[in-house]
Amino acid sequence: MNKILKYKYTDTIFFLIVGTFLVSLAINGVLAPNKLISGGISGISLMLHFMFGLNLSILTIVLNIPIFIVAVKYLSKPFLAFSLVGMLLSAFWLEVTKDFTIPLSSDLTVVVMGGLINGIGVGMIFRTGGSTGGIDIVAKILNKLFSFSMGSTSFIINIFVMAAAAYFFSIDLAVMTAISMFVSSKATNLIVDGLNRRRTGTIILAPEHAEEICSTIIKELNRGVTIVPATGGYTHSQKMILYTMINVREVAKLKQIVSSIDEHAFMTISETAQVIGNGRGFIHTTDEK
C-alpha cells in the first residue's frame, strides 16, 4: 500500500511540474506578449499585469492566499497540499519563463497555440487529480456548500473574466480569449479523457434472448456484459437488462447484433465520461473516455 501511495504521489508531482510549466509557457510565451488573457486566476493576473505592470508570479500567490485560507475550513488537507504545490510551481515557472516569447504573427495561430499549450498543461495537472488552486478550489468549496456543479462554477467565473476583459480592454480581446479558452478546454478533455471514446450500451429485453445476445457481444465485440434481472414497471413482466461498454465505432455493430436477435429490445447508447477499472476488452485500469 505504501508503494502504491508513493507511486501515486510521485506521479502527481511529476505531472504537476510538467503541467504547470506548459501553462506558464502558454501565458508568458503566447498570451502575455499578444495582450491576451486566459480564464480564472491566470486571467485576472494577466489583466492586472497589463493594467498596472504587476509581476505575474507574485500576483498568482497573492490572489490565491485568501482562497487557500477559506479552503482550509472546507476541503481535505491532501487536496490542499497538492494544490499549494501546484500553485507554487505555477508561480515558479511564471518567473522562470517571464522573458521567453514564442514568435507568432497570426492572430489565429496565437489563440490556437495559446489555448492548445495551456489546455495540454491543465489536462496533465487534472489527469492525476492535481490542482493549481484558484478557480478549482472555489468550485470545490461551492460544490460542497451548495452542490453547485464545478463545471458551471468555472464557466460563470470565466464569463465574468471575459466581461471584464471586454470592459477594460476591448470586445475583440474578449472574443479572442473565448476562442483560446474553447481550444484549451478541448485540449484538456483530450488529455484527461483520451482519444478512445467510450459508449455505454444498455439493453432491456425479454429473458429468452438475453443469453444469446450476451454471448454474441462477447464473441464478436470482445466486450464484457453484465446481466441484471428486472421487472417492467407498466406490464410487471420479467425483463433482463444487459449492460456493456463499447467504442464509438462499435455502436453500429451492437445495434445490429441486438436487432437481429430481438427486434423488440429497448436499447440506449449513452456517452461515458470515463472508464475506470478492469473488464473484458479493457485490460488496463484506465481513465479514457
Side-chain angles (χ1 to χ4, degrees), residues 19-67 83 86-87 89-126 131-139 150-189 191:
T20 51
F21 168 74
L22 290 175
V23 171
S24 300
L25 185 64
I27 292 173
N28 280 326
V30 181
L31 301 180
N34 293 281
K35 302 299 180 182
L36 291 179
I37 63 174
S38 61
I41 293 297
S42 297
I44 297 172
S45 298
L46 280 167
M47 283 194 289
L48 293 175
H49 171 70
F50 295 150
M51 295 169 69
F52 306 108
L54 301 176
N55 183 281
L56 284 173
S57 58
I58 294 177
L59 281 171
T60 297
I61 295 174
V62 170
L63 292 176
N64 270 289
I65 288 175
I67 296 175
S83 297
M87 185 268 289
L89 282 170
S90 293
F92 169 76
W93 285 124
L94 282 170
E95 190 64 24
V96 170
T97 61
K98 66 180 181 179
D99 296 321
F100 182 82
T101 302
I102 300 176
L104 301 170
S105 57
S106 166
D107 288 343
L108 178 61
T109 306
V110 167
V111 296
V112 171
M113 286 299 296
L116 184 62
I117 297 172
N118 185 72
I120 292 173
V122 172
M124 295 181 72
I125 295 169
F126 285 176
S131 168
T132 57
I135 279 185
D136 300 335
I137 292 182
V138 174
M150 293 182 62
S152 298
T153 300
S154 299
F155 177 76
I156 292 171
I157 293 175
N158 286 330
I159 287 294
F160 279 109
V161 171
M162 286 189 290
Y167 178 79
F168 289 110
F169 301 101
S170 69
I171 295 177
D172 290 339
L173 175 66
V175 171
M176 292 178 70
T177 295
I179 296 172
S180 182
M181 288 169 60
F182 176 78
V183 174
S184 178
S185 68
K186 292 299 180 183
T188 298
N189 291 340
I191 297 299

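All values below come from the heavy atoms of this structure, side chains included, with hydrogens, waters and symmetry mates left out.
- Closest of all the heavy-atom pairs between I191 and M124 is CG2-N, 3.7 Å.
- Summarising the geometry of P33 relative to I27, their closest heavy-atom pair is CD-O, 3.9 Å, with the distance given to 0.1 Å.
- Shown are V110, T109, V111; of these, the side-chain contact (heavy atoms from CB on, under 4.5 Å) with M113 is made only by T109.
- Applying the side chain to side chain donor-acceptor pair (under 3.5 Å) test to every pair with at least one member in residues 45-62, sequence neighbours left out, gives these pairs: N55-S57, N55-E95, S57-E95.
- Side-chain atoms of T188 come within 3.5 Å of backbone atoms of G119 as a donor-acceptor pair (strictly under, hydrogens ignored).
- Closest heavy-atom contact between A32 and L46: CB-CD2, 4.0 Å.
- Side-chain contact between T153 and I135 is absent, with no heavy atoms from C-beta onward closer than 4.5 Å.
- Taking the side chain as every heavy atom from C-beta outward, F21 and V96 never approach each other to under 4.5 Å.
- In this structure, I41 and I67 have side chains that are in contact, with non-hydrogen atoms separated by less than 4.5 Å.
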Check against side-chain contact (heavy atoms from CB on, under 4.5 Å), S180 and L31
CA-CA 9 Å; S180 182; L31 301 180; 4.1 Å; yes
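- Residues S90 and S24 come closest through the heavy atom pair O-OG, 3.5 Å.
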Could you go step by step and tell me if T132 and V23 meet the side-chain contact (heavy atoms from CB on, under 4.5 Å) rule?
CA-CA 10 Å; T132 57; V23 171; over 6 Å; no
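- Counting only residues at least two apart or in different chains, side chain to side chain donor-acceptor pair (under 3.5 Å) contacts with residues 162-179 are absent.
- Considering CD1 of I44 and CZ of F160, their distance stands at 11.0 Å, rounded to 0.5 Å.
- For the pair S83 and D136, the minimum side-chain heavy-atom distance is 4.5 Å or more.
- For the pair L22/N118, no side-chain contact is recorded, criterion being any heavy-atom separation below 4.5 Å from C-beta on.
- Here side chain to side chain donor-acceptor pair (under 3.5 Å) pairs that include residues 27-42, with residues two or more places apart or in two chains, are N28-T97.
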